[in-house]
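Following: one structure in structure tokens, then a few remarks.
As the structure is a prediction and not an experimental result, all values here were calculated from the model.
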Amino acid sequence: MHKRGIRTKILSVLAAGALLFPAATSCSQKGGESLVLDSEDDLSGLTVSCSAGSYYERKFTSRGDVNVFACNSEADALQAMRQGLADVFVSDEVMLTEEMMERLGVRLALRGSESFPVAFALRKGNDKLKDELNRFLADAPIDEIFSSWLHGTEAPPFEGKEIDDDAEPLRCITALNMEPICYLGENGKWMGADADILQRFAAWSGRPFEMSFQSMGSAVIALQTGQADIVSACLFVTEERKKSVDFSNNYFHCRPGYFVSDKHKGSGASFADRLKMNLVTENRWKLITGGLWETLKITLLAILLGTILGVGVCAAKRSRKKWVREAASLYGSFIAGIPTLVLLLIMFYVVLAETPLSATAVAVVTFSLCFASSAGNIFDTAISSVPKGQTEAGLSLGFTPLKTFNGIVFPQALRKGLPLFAGECVSLLKNTSIVGYIAIQDLTRASDLIRSRTFDAVIPLLIVTILYFILAWIIRKLLNLCLPKK
């Protein structure tokens, strides 16, 4: 009766959540009168949202009369304003099209008085690529390209050189996934003004084109360590940024845009419409399936390799040689003392930067090293929990040490250690959510890409949460099947 009562309560909660969730997620942004801004002086006393590390964050942080709400991305900053966490969202004036503003219920309240040159960022010292890019920009129909993406005019034709498949690809990173500047469109094709220009430059150079999405901080690190050739994000050229990277010649000028909520625009879309927008439109479900495959691949390979290494760590911990035991202890302390994200960045940008290993392979190696330390401790603890008398009894019966371990010690250790091992596998699965920092499109990164296109945080995060839960449940169930029967 007790178990049945618990099940009934759980089902009741799930049913209530299922009924309330569509209603809760169909709510639009907070109401209220739309702000009127005549100049930047009117921002006094207001909260301004912007992306962290941007020019706007530094500008308004220096003003004592404006509160700054810094977010990890432009999409999050816009969502913060729509949810009422900020009064104004500031970004480049071209960041939102009229169609997007109408759908999202926002309007451009003010254009800033400043005008910034926009350029591409390159690694310092890469003068050859910089000269080639500047020559291309000098002759390219930049105004027509921007007009085609901003105003829907016909794009100018272009024919480049024949692509040399053996040539080194032009590795580009965008820190922006927003229409119309640069965004991931249907079937995983990068589109927008910046992407168009860089694809034309790659064709002009006769090189294959590659583009990935990373945060600005990670993109700059990738540029400085040679993992990327060009970074784009409608970047303003500032003296501070020139200290870290080189810039191409200016190809566009842009002013700040101050966006506010507009109660006369936008309508609360139904849950079904939002689900369609996040999954069906532009085949965005492929981002989820692709991210799921990457997450599974990294998790399973890291568990396999980490388990093998963990056996070695366990053997080292139980070695008769003191220096071997101390080395194993030092390895465990080193892994435990470094955040997994920091270790991942060090492995990708420093230790394995010059190797031909892909980002996925680097992630597998990193997580295997972390998992091996934990698995080794679990194996050692599980074996130690079996009384020594069990081993002595087996040997006294004439069993060899190997048969004694396999037939007597191992089954008991497995029963005690497997639940801990399963928990560590689930922790590894969840830790893979950080691989987006090295440009791997896993489940979490897939949700980021969708959110930055649809500005809908709930649906992508809900889908990813459910998938992580299912994967964790499957891992536990599969490992429980390995438990020896009593």
Side-chain angles (χ1 to χ4, degrees), residues 27-119 150 175-181 215-217 220 233-244 250 252-268 451-452 455-457:
C27 295
S28 58
Q29 68 273 15
K30 294 182 179 181
E33 293 296 330
S34 180
L35 283 174
V36 176
L37 301 176
D38 294 324
S39 69
E40 293 182 352
D41 294 336
D42 294 335
L43 297 173
S44 179
L46 301 179
T47 299
V48 174
S49 63
C50 60
S51 60
S54 65
Y55 163 78
Y56 303 113
E57 182 189 19
R58 294 191 295 271
K59 173 181 177 178
F60 289 109
T61 299
S62 63
R63 280 183 58 171
D65 61 337
V66 176
N67 300 314
V68 178
F69 192 93
C71 301
N72 290 329
S73 66
E74 300 280 350
D76 291 340
L78 174 58
Q79 189 66 15
M81 185 272 292
R82 296 180 66 220
Q83 292 179 344
L85 300 176
D87 303 297
V88 181
F89 163 60
V90 58
S91 185
D92 308 338
E93 61 178 334
V94 297
M95 200 56 64
L96 297 176
T97 64
E98 289 292 337
E99 180 183 354
M100 293 170 65
M101 286 190 286
E102 184 68 31
R103 176 173 64 84
L104 298 172
V106 301
R107 67 178 179 85
L108 179 61
L110 175 70
R111 285 186 174 87
S113 57
E114 301 168 286
S115 179
F116 291 94
V118 174
L150 295 178
L176 188 69
N177 183 34
M178 292 180 68
E179 188 179 351
I181 301 301
S215 65
M216 179 57 71
V220 172
C234 201
L235 294 173
F236 291 171
V237 180
T238 63
E239 292 302 321
E240 184 176 5
R241 287 176 172 174
K242 286 181 179 180
K243 297 176 183 178
S244 303
N250 308 332
F252 189 66
H253 277 76
C254 194
R255 291 189 295 173
Y258 298 90
F259 301 87
V260 299
S261 295
D262 189 346
K263 66 176 183 178
H264 301 296
K265 291 183 177 180
S267 58
R451 281 193 304 117
S452 60
F455 302 101
D456 187 340

Check: Val88 main-chain N/O paired with Ser49 side-chain donor or acceptor under 3.5 Å: yes
Quick one: list whatever passes side chain to side chain contact (heavy atoms under 4.5 Å, CB included) with Val66, sequence neighbours left out. Leu43, Val48, Phe60, Arg63
The side chain to side chain donor-acceptor pair (under 3.5 Å) partners of Ser113 (sequence neighbours excluded) come to none
With Glu40 via salt bridge (charged side-chain N to carboxylate O under 4.0 Å, His left out) - residues at least two apart: Lys59
List in chain and number order the residues that pass side chain to side chain contact (heavy atoms under 4.5 Å, CB included) with Ala119, two or more places apart in sequence or in another chain; answer none if no residue qualifies. Val237, Phe247, Ser248, Asn250
Under 3.5 Å, side chain of Glu93 to main-chain N/O of Arg255, donor-acceptor pair present? yes
Residues pairing under salt bridge (charged side-chain N to carboxylate O under 4.0 Å, His left out) where one sits in residues 234-243, two or more places apart or in two chains, turn out to be Arg58-Glu240, Glu239-Lys242
Got a sec, which residues hit ring-ring contact (aromatic ring centres under 6.0 Å, His included) with Tyr55, two or more places apart in sequence or on another chain? Phe116
Listed partners of Phe89 passing ring-ring contact (aromatic ring centres under 6.0 Å, His included), at least two apart: Phe259
Test of understanding: with side chain to side chain contact (heavy atoms under 4.5 Å, CB included), list the residues that count as partners of Asp76, not counting sequence neighbours. Cys71, Asn72, Ser73, Arg451
Under the rule for side chain to side chain contact (heavy atoms under 4.5 Å, CB included), what residues qualify as partners of Glu57, not counting sequence neighbours? Cys50, Ala52, Ser54, Thr61, Val68, Ala70
By side chain to side chain donor-acceptor pair (under 3.5 Å) - contacts of Thr47 (at least two apart): none
Hey, what do you get for CG (Asp456) to CG (Leu104), rounding to the nearest 0.5 Å? 10.0 Å
